[in-house]
Engineer: 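Would you mind keeping the following structure in view while I ask a few things?
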Amino acid sequence: MTVADAISLRKAQGAVFKSRDRFRVLVAGRRFGKSYLSCIELLRGAIDKPGEVFFYCAPTYRMAKDIAWKTLKQLVPPQWVKSKNETDLKLELVNGSVIELKGTENATALRGRSLSGVVLDEAAFMDPGVWFEVLRPALADKQGWALFISTPDGTASWFYDLWCYAGEEEGQTHGWHRWCYTTIEGGNVPPEEVEAARSQLDPRTFRQEFEASFENLSGLVAVNFSEDNISKDVKDIPELTLYLGLDFNVDNMSCVCGVRVEDELHIFDEVLMVNSTTWEMADHLNYKFGLERRKDISPDPTGAARKTAGVGLTDHAILRKAGLKVSTPRSPWKVRDKVNCVNTAIFDGDGIRRLKIHPRCKETIKSLRTLTYDANGMPNKKLGVDHMFDALGYLCLMRFNLNKAARTGATGYRVW
């Protein structure tokens with residue numbers, strides 16, 4: 001194959017292109033040049049690995065054709081093309097490599113292929129099963145690469161989870177790397193045009209579309225939680241009492257682990273157990289932190305009456321038998337108190353943030369960033385991200401309560 005004309009990339013695009021990580025996640029604003037970069041990535045892959053198959057995937061077939069097909073044909077020199085199929089959006093190169101453009105609206109049609117590389121353009125708007133159930137297995141035998149490119153679509157999405165998983169620094173998460181660039185950093189749109197768009201859009205939409213910010217549509221419960229509450233300096237101090245917040249669930253039993261440092265609550269770790277029991281959680285905590293460690297646990301108050309272990313003991317009794325000190329009120333807290341208590345720790349009326357969380361606590365951070373209210377003004381449990389928020393709320397209410405709370409009424413169960 002002869003050498004093609006020189007291809008130029010802007011600085012931000014070049015940073016992604018130069019990385020050799022196997023899995024790369026790029027969040028970018030509108031008109032960043034995502035599709036152009038996608039086509040160059042596919043072309044490089046096809047040149048580097050003759051005879052292999054590469055996919056460009058968009059949410060629909062029509063999007064794939066409108067966004068990338070013309071750009072791809074312009075990038076590939078005619079002498080490199082062995083055959084071209086305008087209906088199937090398929091290019092076969094003279095070295096045997098094949099580049100195909102696909103829509104993911106019918107994921108079943110993508111099954112059964114062996115891939116050496118794939119680009120998922122506007123990945124946030126695809127069904128997660130496309131990646132986890134179809135494309136990821138298709139890369140396995142060739143150890144193929146994947147590039148995820150998208151504008152954000154809120155924090156309650158699989159793409160946001162993928163973004164959180166990928167490390168900011170090379171080598172932080174094995175084989176994964178991520179970037180975030182605004183529209184201006186892409187270099188394709190002049191600043192004055194971006195400012196004109198700012199004046200015509202609401203702030204949330206502008207941040208999402210032009211500043212590549214993960215925004216919730218409305219009603220965020222932890223309204224003031226931000227990067228300022230996340231710190232790598234947070235750590236366990238074994239000499240201090242270990243404070244634990246626990247939300248009981250057979251599926252996703254959730255626990256936050258922290259220490260109180262002067263007037264701050266530092267959450268340095270979390271425990272998430274699926275299809276588990278209270279006994280198993282208690283045993284895990286004793287194993288993880290040692291029997292001799294002073295452990296003060298604040299569980300869901302309703303655990304004083306509920307029996308999830310099937311052995312005639314309440315959840316609270318099980319925790320006590322395991323040697324944990326159980327701190328709980330005589331009656332359940334009101335939901336609004338839990339929300340207010342957590343929000344005050346996050347950012348109080350004096351502008352002080354007293355809650356600090358280590359970045360490793362991914363589920364806790366996700367819960368705080370993602371949990372929104374439902375139509376009835378209550379935290380939306382249908383999102384499946386409320387458990388860590390509840391665990392943190394119980395701990396804050398009992399051991400870090402900066403508000404005067406109310407309770408729902410006596411339960412009739414004695415607490416000792």
Side-chain angles (χ1 to χ4, degrees), residues 21 25 27 155 160-174 176-180 212-214 220-247 254-272 284-285 287-290 292-298 327 338-371 385 387-403:
D21 284 289
V25 182
V27 178
T155 57
Y160 175 72
D161 293 342
L162 205 68
W163 161 258
C164 292
Y165 177 78
E168 293 181 355
E169 301 174 5
E170 194 146 0
Q172 181 177 334
T173 304
H174 182 67
W176 289 79
H177 198 181
R178 75 185 192 193
W179 297 262
C180 180
S213 173
F214 287 96
L220 189 64
V221 175
V223 63
N224 288 315
F225 182 76
S226 74
E227 292 294 327
D228 293 332
N229 293 103
I230 304 173
S231 173
K232 293 181 179 180
D233 294 332
V234 171
K235 61 182 179 180
D236 185 17
I237 304 176
E239 294 77 19
L240 299 180
T241 298
L242 173 64
Y243 288 115
L244 305 163
L246 179 63
D247 183 44
S254 305
C255 181
V256 294
C257 313
V259 292
R260 181 163 186 161
V261 181
E262 296 179 351
D263 64 343
E264 293 185 346
L265 177 61
H266 290 188
I267 303 299
F268 63 87
D269 206 351
E270 63 185 11
V271 178
L272 183 70
H284 178 79
L285 293 172
Y287 174 79
K288 185 179 182 69
F289 298 107
E292 69 285 353
R293 178 73 180 272
R294 290 176 295 169
K295 294 183 283 292
D296 187 319
I297 190 165
S298 301
S327 298
K338 180 167 54 180
V339 172
N340 290 340
C341 185
V342 172
N343 277 325
T344 303
I346 290 172
F347 190 76
D348 65 20
D350 295 325
I352 300 174
R353 298 183 186 273
R354 291 189 170 91
L355 176 66
K356 301 294 178 62
I357 303 175
H358 194 280
R360 75 169 63 91
C361 303
K362 295 183 182 295
E363 293 299 322
T364 305
I365 293 172
K366 175 184 175 182
S367 182
L368 291 168
R369 282 176 168 166
T370 305
L371 184 61
V385 295
H387 301 310
M388 281 298 181
F389 184 93
D390 288 342
L392 177 63
Y394 300 137
L395 173 57
C396 287
L397 281 165
M398 285 304 303
R399 292 306 182 195
F400 202 71
N401 196 348
L402 305 177
N403 302 313

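Any value given below was found using the heavy atoms of this structure, including those in side chains, with hydrogens, waters and symmetry copies removed. Numbering of residues begins at 1 and proceeds along the displayed sequence. No experiment lies behind these values; they were computed from the predicted model shown.
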Engineer: Can you confirm whether Tyr165 sits close enough to Arg178 that some side-chain heavy atom of one is under 4.5 Å from a side-chain heavy atom of the other?
Structural biologist: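 They are not in side-chain contact.
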Engineer: How long is the gap from CG on Leu371 to CZ on Phe225, to the nearest 0.5 Å?
Structural biologist: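 One finds 12.5 Å between CG of Leu371 and CZ of Phe225.
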Engineer: Would you call Arg293-Asp236 a salt bridge at under 4.0 Å N-O?
Structural biologist: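 Salt bridge flag = yes for Asp236 with Arg293.
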Engineer: Looking at NE2 of His266 and OH of Tyr243, how far apart are the two atoms once the value is rounded to the nearest 0.5 Å?
Structural biologist: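 Reported value, rounded in 0.5 Å steps: 13.5 Å.
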Engineer: Nearest 0.5 Å, please: how far is SG in Cys257 from NE2 in His358?
Structural biologist: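 If I round to the nearest 0.5 Å, the distance is 13.0 Å.
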Engineer: Walk me through it: do Val25 and Trp176 pass the test side-chain contact (heavy atoms from CB on, under 4.5 Å)?
Structural biologist: CA-CA 8 Å; Val25 182; Trp176 289 79; 3.9 Å; yes
Engineer: Any side-chain donor-acceptor pair under 3.5 Å between Ser298 and Arg399?
Structural biologist: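 Per modelled atom types, Ser298 and Arg399 side chains form no pair under 3.5 Å.
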Engineer: Hey, could you give me the CD1/OG1 distance between Ile230 and Thr364, rounded to the nearest 0.5 Å?
Structural biologist: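 These two atoms lie 10.5 Å from each other.
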Engineer: Which word best sums up how the rings of Phe268 and Phe289 line up, parallel for under 30°, tilted for 30 to 60°, or perpendicular for over 60°?
Structural biologist: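 The rings of Phe268 and Phe289 stand perpendicular, inter-plane angle above 60°.
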Engineer: Distance check, rounded to the nearest 0.5 Å: Cys396 atom SG versus Asn401 atom CG?
Structural biologist: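 Those atoms lie 8.5 Å apart.
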Engineer: Give the intermediate values and the outcome of side-chain contact (heavy atoms from CB on, under 4.5 Å) for residues Leu355 and Ile357.
Structural biologist: CA-CA 7 Å; Leu355 176 66; Ile357 303 175; 4.2 Å; yes
Engineer: State, to 0.1 Å, how close Val342 and Phe389 come at their nearest heavy-atom pair, and which atoms those are.
Structural biologist: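 It is CG1-CE1, 3.9 Å.
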Engineer: Mind checking the CG-CG spacing from Leu242 to Asp296? Nearest 0.5 Å is all I need.
Structural biologist: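 Interatomic distance, Leu242 CG to Asp296 CG, rounded to 0.5 Å: 9.0 Å.
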Engineer: Quick one: closest heavy-atom pair of His284 and Val271, and the distance?
Structural biologist: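 Between these two residues, the closest heavy atoms are CD2-CG1, 3.6 Å.
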Engineer: Begin with the C-alpha distance, continue with both residues' side-chain angles, and end with the deciding distance and a verdict on side-chain contact (heavy atoms from CB on, under 4.5 Å) for Val27 and Trp179.
Structural biologist: CA-CA 6 Å; Val27 178; Trp179 297 262; over 6 Å; no
Engineer: Under a 4.5 Å cut-off applied to non-hydrogen side-chain atoms, are Val256 and Leu395 in contact?
Structural biologist: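 Yes. Closest side-chain heavy atoms under 4.5 Å.
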Engineer: With sequence neighbours left out, what residues match Asp161 under side-chain hydrogen bond (donor to acceptor under 3.5 Å, both in side chains)?
Structural biologist: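 With neighbours one apart ignored, the set is Lys366.
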Engineer: Looking only at heavy atoms, what is the nearest atom pair of Leu220 and Leu368, with distance?
Structural biologist: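 Minimum heavy-atom separation between Leu220 and Leu368: CD1-O, 4.0 Å.
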Engineer: Partners of Arg294 by side-chain contact (heavy atoms from CB on, under 4.5 Å), sequence neighbours excluded?
Structural biologist: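 Partners of Arg294 under the side-chain contact (heavy atoms from CB on, under 4.5 Å) test: Thr241.
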Engineer: Could you report the tightest heavy-atom contact between Val261 and Leu240, atom names first, then the distance?
Structural biologist: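 Where Val261 meets Leu240 most closely, the heavy atoms are CG2-CD1, 4.5 Å.
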Engineer: May I ask you to test the Val223-Phe347 pair for a side-chain heavy-atom distance under 4.5 Å?
Structural biologist: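 A side-chain contact is absent here, since even the closest heavy-atom pair is not under 4.5 Å.
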Engineer: Checking Asn229 side chain against Arg353 main chain: does a donor-acceptor pair fall under 3.5 Å?
Structural biologist: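 Checking the backbone N and O of Arg353 against the side chain of Asn229, no donor-acceptor pair under 3.5 Å is found.
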Engineer: Check whether any side-chain N or O of Lys295 sits under 3.5 Å from a backbone N or O of Leu285 as a donor-acceptor pair, and report yes or no.
Structural biologist: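 Checking the backbone N and O of Leu285 against the side chain of Lys295, no donor-acceptor pair under 3.5 Å is found.
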Engineer: Return the minimal non-hydrogen interatomic distance between Asp247 and His387, and the atom names on each side.
Structural biologist: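 Taking every non-hydrogen atom into account, OD2-ND1, 3.1 Å.
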Engineer: With sequence neighbours excluded, what pairs up with Leu272 under the side-chain contact (heavy atoms from CB on, under 4.5 Å) test?
Structural biologist: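 side-chain contact (heavy atoms from CB on, under 4.5 Å) check on Leu272 returns Asn252, Ser254, Glu363, Met388.
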Engineer: Can Glu264 and Lys356 be counted as an ion pair, charged N to O under 4.0 angstrom?
Structural biologist: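 Judged by the 4.0 Å cut-off on N to carboxylate O distance, Glu264 and Lys356 do form a salt bridge.
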Engineer: What closest approach, in Å, do Ile267 and Val234 show between heavy atoms, and which atom pair accounts for it?
Structural biologist: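 Of all heavy-atom pairs spanning Ile267 and Val234, the closest is O-CG1, 3.5 Å.
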Engineer: Measure from the side-chain N and O atoms of Asn343 to the backbone N and O of Val339, and report whether any donor-acceptor pair falls under 3.5 Å.
Structural biologist: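 Such a contact is found between Asn343 side chain and Val339 backbone.
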Engineer: Can a side-chain donor-acceptor contact be found between Tyr160 and Arg369 if the only test is distance below 3.5 angstrom?
Structural biologist: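 On atom types as modelled, these side chains qualify, holding a pair under 3.5 Å.
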